[in-house]
Structure formats: structure tokens, C-alpha cells
Amino acid sequence: MDLSACTAWQFLVWIRNAMAHGDARSVQPIHEEVEKCAPNRRLTGFRFESNGCRADLTGRDMRVLGIKFAELFCNGFSKDELFKADAKNHVSERAA
């Protein structure tokens, strides 16, 4: 798959599969040096590889995706009148 030409949905399916399946797919950390002369590194993102494709996502990239997913999820419930009433009245469910 050419990631530069795929749709947003195709990319989401690809990234989900890259994280969830263990068949020749890999997820590796991406680090940057904190100081040139020290062995300290900081985690800045992850590299996802699968089927000859590679995507590097930074922490910011992953936050943007998470926010969009949460927005889609909440918007899906926004048409549900019971959900709106529960949200307005601060109704929450708790384990007994």
C-alpha cells in the first residue's frame, strides 16, 4: 500500500493492523538525543512498518489522532437523546 496515496480510513486500518498483529509488522521507538555528549535519549514517537510501508508518528501526531477519534466517538452519541440527558445531569455508572 502506498501510504501517501491512501485514504484516511485505509491509513487507520493499516496503523491498527501494524499495532495489533504480530506477523512481520513492527513498531519501534523513535528517540532523539537530549545532549550530544550524553547517552540520554528522549522518546519522541514510534515507527510503524508493515507490508513494505513505513509511517513515523510523533507524540503530537498520536495526540491529534486520539483527539479526532474521541471527537468522532462523542459526535456519534450526540444524536442520542438519552446520552445527552445523562451528560447534562452528570449521570455516571459505577461498579457496585
Side-chain angles (χ1 to χ4, degrees):
M1 175 190 325
D2 178 5
L3 293 180
S4 64
C6 69
T7 66
W9 179 252
Q10 289 169 325
F11 175 76
L12 292 175
V13 170
W14 180 86
I15 199 79
R16 184 222 38 211
N17 289 343
M19 290 187 290
H21 299 287
D23 55 342
R25 296 175 174 117
S26 70
V27 179
Q28 298 175 352
I30 298 173
H31 295 96
E32 71 178 18
E33 291 183 34
V34 176
E35 298 176 26
K36 291 289 182 194
C37 298
N40 297 330
R41 299 182 302 167
R42 179 176 52 199
L43 179 65
T44 59
F46 290 93
R47 172 169 291 148
F48 300 90
E49 296 182 83
S50 175
N51 301 331
C53 296
R54 184 180 101 186
D56 292 348
L57 297 178
T58 65
R60 182 182 181 285
D61 297 330
M62 290 182 271
R63 279 190 297 280
V64 168
L65 287 171
I67 289 167
K68 289 297 181 186
F69 286 140
E71 187 177 289
L72 287 169
F73 179 80
C74 291
N75 287 342
F77 280 109
S78 68
K79 295 170 185 68
D80 182 339
E81 294 303 319
L82 293 175
F83 176 79
K84 284 197 259 185
D86 284 351
K88 181 178 180 181
N89 296 318
H90 305 284
V91 173
S92 63
E93 296 180 16
R94 296 196 178 129

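Remember, it's a predicted structure, so these values are computed and weren't measured experimentally.
In the hydrophobic cluster analysis, where Ile, Leu, Val, Met, Phe, Trp and Tyr join through side-chain heavy atoms closer than 4.5 angstrom, Ile67 is grouped apart from Leu72. Both Phe69 and Met62 are members of a single hydrophobic cluster when ILVMFWY side chains are connected at heavy-atom separations under 4.5 Å. Taking hydrophobic clusters as Ile, Leu, Val, Met, Phe, Trp and Tyr residues chained together by side-chain heavy-atom distances below 4.5 Å, Val64 does not share a cluster with Trp9.
Note that CG of Asn40 is 11.5 Å distant from NE2 of His31, once rounded to the nearest 0.5 Å. Summarising the geometry, atom CD1 belonging to Ile30 is positioned 8.5 Å from atom OG1 belonging to Thr58; distances are rounded to the nearest 0.5 Å.
The two residues Phe46 and Pro29 make their nearest non-hydrogen contact at CD2-CA, 3.9 Å.
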Stepwise side chain to side chain contact (heavy atoms under 4.5 Å, CB included) test for Val27 and Phe48 | CA-CA 5 Å; Val27 179; Phe48 300 90; 3.6 Å; yes

